[in-house]
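Report on one structure; see the data block that follows.
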Amino acid sequence: MGSSGQVSWKLEDHPKLPKGKTVAVVVLDGWGENKPDEYNCIHVAQTPTMDSLKQGAPEKWRLVKAHGPAVGLPTEDDMGNSEVGHNALGAGRIFAQGAKLVDQALASGKIYEGEGFKYISECFQNATLHLIGLLSDGGVHSRLDQLQLLLKGVSERGAKRIRVHVLTDGRDVLDGSSVGFVETLENDLAKLREKGVDAKIASGGGRMYVTMDRYENDWDVVKRGWDAQVLGEAPYKFTNAVEAVKKLRENANDQYLPPFVIVDENNKAVGPIVDGDAVVTFNFRADRMVMLAKALEYPDFDKFDRVRFPKIRYAGMLQYDGELKLPSKYLVSPPEIDRTSGEYLVKNGIRTFACSETVKFGHVTFFWNGNRSGYFNSELEEYVEIPSDVGITFNVKPNMKALEIGEKARDAILSRKFDQVRVNIPNGDMVGHTGDIQATVVACKAADEAVKMILDAIEQVGGIYVVTADHGNAEDMVKRNKSGQPLKHKNGELQILTSHTCLPVPIAIGGPGLAPGVRFRKDVPTGGLANVAATVMNLHGFVAPSDYETTLIEVADN
Ligand SMILES: O=C(O)[C@H](O)COP(=O)(O)O
Ligand SMILES: [Mn+2]
Ligand SMILES: [Mn+2]
C-alpha cells in the first residue's frame, strides 16, 4: 500500500513462472489427513485420485495447518472451519477471526463502549433484551463462555429483562451435549434472577432445523425460528428448557430438534419479541446468521410471512456482511479482510470461475473474497451456484452435487474462457457432520470422483491443478482419548464425532502446465492455509504482495 493509502493492484511478474495456464483450485470441504483406521472415512473409501496425488509427496503433495492460530483462531484447541479456512485461503494472510475479536472485546470491556451496545442498551430500562444464537462451546459460530460474559455484562449495565433463544448444536460438538449446555445456561439465569434480573430461556430448536440455514437454501428453517422467537409460537410448549431438550431428543438429535417455546403457568409464551425490545444475535460467524438478520432488519422482506414485524433495536455480535452492511448495528467490528487474492487476480486480468452447490456456494465466493458478496468485475468473473437438495440430511444423498460441480468445472476449464476455475466439493464435510460413517464413506468416494473430472479436464487443456481442503472432518468420525483410542458412551456405544477436527489438510499441485522444477519448498514446515494464496498467484505467473504469507513453492533449476 502506498503512503497515501492507495492500493497498488498491479502484481509483479514471477521471474520464472509463465502466465496463461488454466489453474483449477479445488477445495475439498472437511478433508483432513489422519492415521488409517475404520473411522477414517477417507481411508476406508475408494479415493484413487486423491491417493495418486499423495504419491507426489514431498515435492507435489504436503500437509498444511488448517486450525487454531494458523487460521486466526484463539488457541491450538480450536478446530478449523469453513469461514476461517476459506478466508485464509483467499486472503493469503492470517486475520484475527470473530471468535478472537469477541474474546478481546469482552476482556477489555470495549464491547460495551461501542455504538452497537449503546443502541441496544437504550431499551434496557423499559423493555426486554433478547439474545439469539447457537448454544455450545464449539467455537465455530459462537461460544457459551462468551454468552455467559455477555449476560453478566448486560445485567451489570442495566438489562432488567432478558430472554435467551437457544439453538442446540450437536454439529460442532457431540450430539447430546445440548442438555448440559442448557443446564449450564439455566443455572446462570437462575443466579441472575436471584440478583433481581428477570432472565429466562424463551425458545429453542435444533440449529439445522431452526434458524441457522445458510445461503438461502431453505427459508422454512428461518421461518420456524421466527415463529418461535418473535411470535412465541411453536408446535411444542414446555415450562422448562432442560425438560424440553430431553423430551424432544427422544425423536431427534441436537442438530434437528423441532422448535419449542417456553410458556408460563397460563400457557403463555414467556418471551416473544415485541415493539420496543432489543435483540442481539450472539453468533460471531456470519453465514448462518445472515438470513435471520435480514428478517430482523429489512422492512421490505418477502422470503416468508413474518406476520408481525416488531419495531426493535437489533445488533449482531458482528456485522455479518460488510457489503450489505448487515446488520447495520453490531457489538464487535468484524475482521477487515482486504486485498484478497481474488481481487488482486481479477484486477490483473485473471478470468475467474467459481462454483459449488448452495450449501457451500458462499465459501468459494463470499468467504474466499474476505466476506464480501458479489463480483469484483462481472466481465471477468462467473460464479455458478448449483441448487442443493433441501429438507434432507445429507447422509440420505451422500453424493450430493459433486458430479454436477465436477461437470460445471470441467466445462469451464474446457471452454478456455477462464484462467482460474475454483470449486468447493462439500461431501466429506456435509455428510461427515451427520455422523453416519457408511454414508460418509460414500461421500468421500463421490468427492474423489469429482476431483478426477476436474484433473482430467486440466490434463486436456495443459493446465495446472491445486487440490486442497479447508479443514478436517471425514477423516475422523469418533471421539478419542489422548492416546487415540475411540471413546464409548456409558451404554457402550461409540462416541461419534460429528464435528471438524484439528488435523492438517493435504495440498497437491500438478498438471501438464506446471513448469518443470516447481516443487514444494522444504523451508515452510509450519505452512498453513494462508500460504496457499501466494502459491496460487505464482502458478498464475505473479509474485504475491510482500505482506502475504509466503508461497509454498519454489522452482528448482534443472
Ligand atoms: O455451519 C456448519 O455447518 C458447521 O458448524 C461448520 O461447518 P463448516 O465450517 O464446514 O461450514
Ligand atoms: Mn468447511
Ligand atoms: Mn463443516
Side-chain angles (χ1 to χ4, degrees), residues 30 81-82 132-138 140-142 144 165-182 185 201 203-229 233-238 241-262 283 285 287-289 291-292 304 358-360 388-398 400 426-427 429-440 443 473-474 477 479 489 493-500:
N81 67 70
S82 291
I132 307 176
L134 183 65
L135 186 73
S136 82
D137 61 5
V140 174
H141 295 267
S142 68
L144 173 64
H165 303 263
V166 303
L167 301 164
T168 53
D169 192 347
R171 186 172 179 91
D172 300 325
V173 291
L174 290 187
D175 183 44
S177 58
S178 286
V179 178
F181 293 126
V182 174
L185 177 60
I201 294 178
S203 76
R207 56 175 284 177
M208 298 302 285
Y209 192 64
V210 176
T211 300
M212 282 175 61
D213 186 44
R214 67 178 162 208
Y215 307 138
E216 311 210 349
N217 196 43
D218 184 1
W219 277 102
D220 282 348
V221 175
V222 186
K223 179 181 173 4
R224 282 192 279 270
W226 182 273
D227 291 350
Q229 296 142 3
E233 287 165 13
Y236 296 94
K237 295 183 169 61
F238 291 87
V242 175
E243 209 181 282
V245 172
K246 282 188 179 158
K247 183 79 195 152
L248 295 174
R249 272 191 53 79
E250 288 172 10
N251 294 307
N253 59 21
D254 289 358
Q255 297 188 49
Y256 286 91
L257 293 189
F260 62 88
V261 291
I262 302 300
N283 286 15
R285 175 160 153 178
D287 57 348
R288 296 192 184 275
M289 273 296 129
M291 293 167 76
L292 173 59
F304 58 83
T358 310
V359 292
K360 297 285 180 186
S388 287
D389 290 317
V390 176
I392 58 160
T393 55
F394 287 105
N395 55 335
V396 182
K397 287 192 180 169
M400 299 183 65
N427 309 57
D429 183 66
M430 293 303 287
V431 187
H433 278 304
T434 67
D436 182 332
I437 293 177
Q438 273 175 329
T440 306
N473 185 337
M477 299 295 287
K479 191 150 169 79
H489 289 291
E493 278 174 23
L494 272 173
Q495 292 197 23
I496 295 292
L497 192 72
T498 52
S499 73
H500 299 168

Of all heavy-atom pairs between F394 and V431, which one has the smallest distance, and what is that distance?
-> O-CG2, 3.7 Å
Is a side-chain N or O of R285 found less than 3.5 angstrom from the main chain of S142, in a donor-acceptor match?
-> no
Nearest heavy-atom neighbours spanning S203 and H165 = OG-ND1, 2.8 Å
In this structure, CG of D213 is separated from CG of L292 (nearest 0.5 Å) by 11.5 Å
How are the rings of H500 and H433 set to each other: parallel, tilted or perpendicular (split at 30° and 60°)?
-> tilted
Smallest separation among heavy atoms of P398 and N427, with atom names | O-ND2, 2.9 Å
Can you tell me how far the OG1 atom of T358 sits from the CG atom of N217, to the nearest 0.5 Å?
-> 5.0 Å
Can you name the closest pair of heavy atoms from A234 and A228 and give their distance?
-> CB-CB, 4.3 Å
List the atom of D287, the atom of H141, and the distance in Å for their closest heavy-atom pair.
-> OD1-CE1, 3.4 Å
Per side-chain hydrogen bond (donor to acceptor under 3.5 Å, both in side chains), R207 is matched among T168, N283, D172 by D172
Determine whether V210 and L257 make a side-chain contact, defined as any pair of heavy atoms from C-beta on separated by less than 4.5 Å.
-> no
May I ask you to say whether D175 pairs ionically with R249, meaning some side-chain N is under 4.0 Å from a carboxylate O?
-> yes
Could you check F181 against D137 for side chain to side chain contact (heavy atoms under 4.5 Å, CB included), going step by step and ending with a plain yes or no?
-> CA-CA 8 Å; F181 293 126; D137 61 5; 3.4 Å; yes
Are the side chain of D429 and the backbone N or O of G30 linked by a donor-acceptor pair below 3.5 Å?
-> no
Could you check whether the rings of F260 and F238 sit parallel, tilted or perpendicular, using 30° and 60° as the cut-offs?
-> perpendicular
Which pair of non-hydrogen atoms, one from V221 and one from M212, has the smallest distance, and what is that distance?
-> CG1-N, 4.0 Å
Taking S136 for the side chain and V173 for the main chain, is one N or O donor matched with an acceptor at less than 3.5 Å?
-> no
Polar side chain donor-acceptor pair, T498 to Q255, under 3.5 angstrom | no
For the side-chain hydrogen bond (donor to acceptor under 3.5 Å, both in side chains) test, which of R224, Q229, R288 pairs with T211?
-> Q229
Under 6.0 Å from the NZ atom of K237, do we count more than 12 heavy atoms belonging to anything else shown?
-> yes
Interatomic spacing from CD1 in I496 to OG1 in T434 - rounded to 0.5 Å | 9.5 Å
Is there side-chain contact between L248 and Y236, with heavy atoms separated by less than 4.5 Å?
-> yes
In Å, rounded to the nearest 0.5 Å, how long is the span from CD1 of I437 to CG of L497?
-> 10.0 Å
Distance (rounded to the nearest 0.5 Å) between L144 CG and L135 CG = 5.5 Å
Starting at CE of M430, measure out to CZ of R171 and round the result to the nearest 0.5 Å.
-> 5.0 Å
Is the shortest side-chain N to carboxylate O distance from K223 to D227 below 4.0 Å?
-> yes
Within the side chain of D254, is there an N or O that forms a donor-acceptor pair under 3.5 Å with the backbone of G176?
-> yes
Minimum side-chain heavy-atom gap Q438-D436 below 4.5 Å = yes
